[in-house]
2 protein chains.
Amino acid sequence: MTITPTAKAGRAAPRKRARRATQRVTMTDVAAAAGVSASTVSLYFRRPEAVSPHLAEKVRAVIDELGYVPNLVAGSLAAAQSRTVAVILPSILNSFYAETYNTLQSLFQGSRYQTMLGVTEFSPEVEEDLIRAFLAWSPAAMVLTGFDHTERARAMLRGAGVPVVEMWDMPATPDEAVDLSVGFSHFEVGRRQTAHLYDQGSRKVAYIGAAVHQDLRVRSRTDGYEDEVRRRGLHPPIALTAPDAASTPVGTWLIDEVLAAHPDIDGVVCSNDYLALGAMFEARRRDLRIPEDLAVVGFGDLGFSRVSLPPLTTVRPPQREIGRLAAMQILARLGGARIPPSHFALECELVVRDSTRPTL
Amino acid sequence: MTITPTAKAGRAAPRKRARRATQRVTMTDVAAAAGVSASTVSLYFRRPEAVSPHLAEKVRAVIDELGYVPNLVAGSLAAAQSRTVAVILPSILNSFYAETYNTLQSLFQGSRYQTMLGVTEFSPEVEEDLIRAFLAWSPAAMVLTGFDHTERARAMLRGAGVPVVEMWDMPATPDEAVDLSVGFSHFEVGRRQTAHLYDQGSRKVAYIGAAVHQDLRVRSRTDGYEDEVRRRGLHPPIALTAPDAASTPVGTWLIDEVLAAHPDIDGVVCSNDYLALGAMFEARRRDLRIPEDLAVVGFGDLGFSRVSLPPLTTVRPPQREIGRLAAMQILARLGGARIPPSHFALECELVVRDSTRPTL
DNA sequence: CGGCGTCGTGGTAGCGCTAACAAAACATGG
DNA sequence: CCATGTTTTGTTAGCGCTACCACGACGCCG
């Protein structure tokens with residue numbers, strides 16, 4: 001005879017549903033301890049000045065005593081909006097994007113908004129996923145880099161009903177942007193870098209770029225270079241680009257290739273200061289004099305550019321200013337201002353140093 | 001006779017509370033359209049394999065058709081936990097921390113967790129605020145850098161009841177760590193950098209460091225340097241440090257100062273490759289030969305170190321491996337594994353290049 | 001002094017989802 | 001074919017907060 005295993009004794013009357021344990025201090029606890037209603041506590045957080053000083057003091061004391069931390073998840077659900085701003089960057093290894101993020105974070109933090117950062121590594125598909133994920137958190141605003149999104153991403157952004165800022169580029173046409181944008185013309189930057197080399201005496205100027213296929217902004221700078229070369233008409237454009245991310249080793253490699261094919265170039269425009277640094281290392285290794293034999297101009301004005309050997313002429317993008325303007329526009333909108341979709345065009349500064357300035 | 005302004009007509013019977021407009025597609029909409037219950041849709045998202053293929057197909061179709069995006073805020077509230085991992089870094093301008101973040105993001109994304117990034121700029125107070133803000137989102141886990149937190153921050157972390165990983169350092173005693181940790185000994189790194197210079201023939205080795213007061217890890221490396229110098233007993237330690245963030249210009253400035261006070265040093269340990277780069281630029285500007293007159297060792301193995309002039313000897317920290325291990329431990333815990341608080345000690349690799357290798 | 005607007009406070013219905021439970025549908029074995 | 005498991009699906013009560021509304025207490029004015 002088999003023994004019935006685990007003969008469960010007659011199950012008790014349908015016991016009360018187990019209350020899900022959450023030992024966390026809630027707003028209701030605070031209200032009870034302070035002898036006020038939950039709405040008063042809520043009001044105290046959202047508009048402290050609307051609560052009488054007497055009660056406010058009492059609430060404050062209880063909050064401190066109990067160590068109450070408001071549950072933002074619940075708050076965001078009830079308000080159908082969170083105090084979160086989603087920021088999407090192509091890369092944070094690129095220090096200019098990183099600096100823009102720093103500016104954004106500190107400005108938003110000052111207004112009690114939390115930033116969430118996502119990194120796409122230049123893939124529009126990854127970007128689409130990130131946008132979807134962030135939107136599921138009902139952010140108060142979205143900040144993106146560039147205008148290169150998938151159709152679906154664009155649709156989600158349009159339908160989100162929150163301020164959207166696209167930064168670090170300029171829309172070709174007004175409706176290329178989803179909403180607001182802050183940036184500058186990379187085409188102009190490329191042209192200006194190139195013109196500067198000719199103006200300093202170069203007669204044959206090449207271009208080296210990295211991540212061109214992923215980063216449309218690099219592409220625009222390349223276009224600016226080609227345009228200026230054609231305008232001068234001294235030689236056909238010589239542009240060599242690598243699919244890899246911009247780095248110093250890639251710079252040495254690219255300049256090596258360019259010099260092999262065109263030993264007579266006397267100037268080179270680089271899509272990035274890291275590339276320029278690599279190019280300069282390689283040039284010196286070949287005993288080329290900079291700028292006499294090869295003038296070099298970069299982009300980014302990274303930390304080392306000021307003190308490299310020789311100091312590097314470069315274009316300084318308004319990294320901080322981009323972040324500041326983006327944050328300001330968003331905060332104004334969130335504050336109720338009716339700002340129409342618009343673009344804020346900034347300028348880059350050409351910082352001339354010895355890598356293009358012949359010593360007399 | 002005054003006309004009553006805006007004589008509100010006898011207010012209608014307490015009208016039904018205005019339903020807050022939310023045109024967003026909800027799970028209930030999906031359920032209705034698919035002819036199933038909401039919990040089936042919910043189940044479909046959490047454990048698709050538990051739903052019969054027939055219904056799953058139907059649900060999937062409706063989701064696509066309606067473009068439904070689950071509201072994670074509501075989900076997190078109900079589940080009392082979100083699929084979010086908070087990551088706090090001291091800086092993202094420092095590319096090794098940035099690389100660790102990249103690794104974390106991609107690993108967590110693969111397991112459908114979203115990362116939230118906060119940057120402290122090396123301030124424990126900012127860190128405390130960030131921790132408080134993140135905790136209000138009930139993250140599934142927290143990842144921090146180092147062990148230097150305020151007492152309140154530590155208390156919050158202990159009470160959070162979620163996995164906590166502190167990375168990039170080694171706890172002095174087991175209970176210095178809140179929970180899990182992944183890192184390596186910076187003291188050992190400092191010692192090893194110094195020993196290497198002596199072993200390569202240097203007789204008088206100085207140390208330059210940046211951000212020492214903010215970054216305890218730099219402090220540990222400095223201690224390692226001093227320990228090794230004392231052990232060799234050839235000269236007293238010569239350490240010069242700057243409060244600024246590590247950068248190439250700071251490197252040129254520091255080596256300048258050191259050489260002014262101690263013209264006879266023949267080796268320098270740098271807390272960071274950027275500093276080392278600056279030091280090398282300045283040394284070459286003074287026509288010092290590297291490594292014959294001055295050997296240089298850095299830390300970080302940044303992109304340029306491999307191709308600089310000369311290539312830089314440096315210590316390569318396991319940036320990716322730190323991120324990978326941290327993510328693995330957390331995912332294991334979240335998957336139900338019972339891992340006790342523990343430390344994972346990693347090794348750094350000394351990469352010897354020409355800046356310390358005399359050419360024969 | 002009564003009516004009315006304003007201010008401060010409290011009551012309460014959701015926000016959209018998950019988890020616990022219950023019920024239904026299906027499978028299995030004697 | 002029934003008794004007994006095992007899936008699969010449905011029902012419902014919250015999660016902790018905010019927004020809307022109601023209400024009482026004042027201050028003000030004619």
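Order of the sequence lines fixes the chain letters, A, B, ..., with proteins taken first and strands second; residue numbering starts at 1 for each chain.
By the 4.5 Å heavy-atom criterion applied to side chains, B/V73 and A/W137 are counted as neighbours. Two residues are said to be in side-chain contact when any heavy atoms from C-beta on lie closer than 4.5 Å; B/P163 and B/L334 meet this criterion.
Taking atom CG on B/L77 and atom C1' on C/dT18, their separation rounds to 10 Å, with Å as the unit. The distance between atom CD of A/Q81 and atom P of D/dT18, rounded to the nearest whole Å, is 13 Å. To the nearest angstrom, P of D/dT8 lies 14 Å from NE2 of B/H54. Atom-to-atom, CG of A/L135 to C1' of C/dG16 comes out at 16 Å; the value is rounded to the nearest Å. The CG atom of A/L43 sits 16 Å away from the P atom of D/dC21 (whole-angstrom rounding). In this structure, the CE atom of B/M27 is 15 Å from the P atom of C/dC15, given to the nearest Å. Rounding to whole angstrom units, CG of residue A/L55 and P of C/dG8 are separated by 11 Å. Put simply, CG on B/N71 is 18 Å from P on D/dC15, counting in whole angstrom units.
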side-chain contact (heavy atoms from CB on, under 4.5 Å) for A/F108 and A/R83? Distances and angles first, verdict last. CA-CA 10 Å; A/F108 280 123; A/R83 289 188 77 85; over 6 Å; no

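A/V51 comes within contact range of the sugar-phosphate backbone alone, with a heavy-atom separation under 4.0 Å but no base atom that close. Within 4.0 Å (heavy atoms only), B/V73 reaches no atom of the nucleic acid at all. Across all strands, B/T40 comes closer than 4.0 Å only to sugar-phosphate atoms, never to a base (heavy-atom distances).
Within the structure, a side-chain polar atom (N or O) of A/S52 is placed less than 4.0 Å from OP1 or OP2 of C/dT9. In terms of phosphate contacts, B/Y68 brings a side-chain nitrogen or oxygen within less than 4.0 Å of OP1 or OP2 of C/dC17. Of the side-chain N and O atoms in B/R46, one or more sit less than 4.0 angstrom from OP1 or OP2 of C/dA19. In terms of phosphate contacts, A/S42 brings a side-chain nitrogen or oxygen within less than 4.0 Å of OP1 or OP2 of D/dT18.
Listed nucleotides: C/dT12, C/dG16, D/dG16. Nearest to the side chain of B/A74: C/dG16. Comparing C/dG10, D/dC17, C/dT18 against the side chain of A/A78 picks out D/dC17 as the nearest.
Evaluated for a side chain to side chain donor-acceptor pair (under 3.5 Å) with B/D179, the options B/Q329, B/R158, B/R333 yield exactly one hit, B/R333.
Residue order along DNA chain D, read from the 5' end via each residue's closest nucleotide, puts B/S39 first among A/A38 and B/S39.
Residue pairs meeting the salt bridge (Lys or Arg N to Asp or Glu O under 4.0 Å) criterion with at least one partner in residues 51-75 of chain A, sequence neighbours excluded, are A/E57-A/R60.
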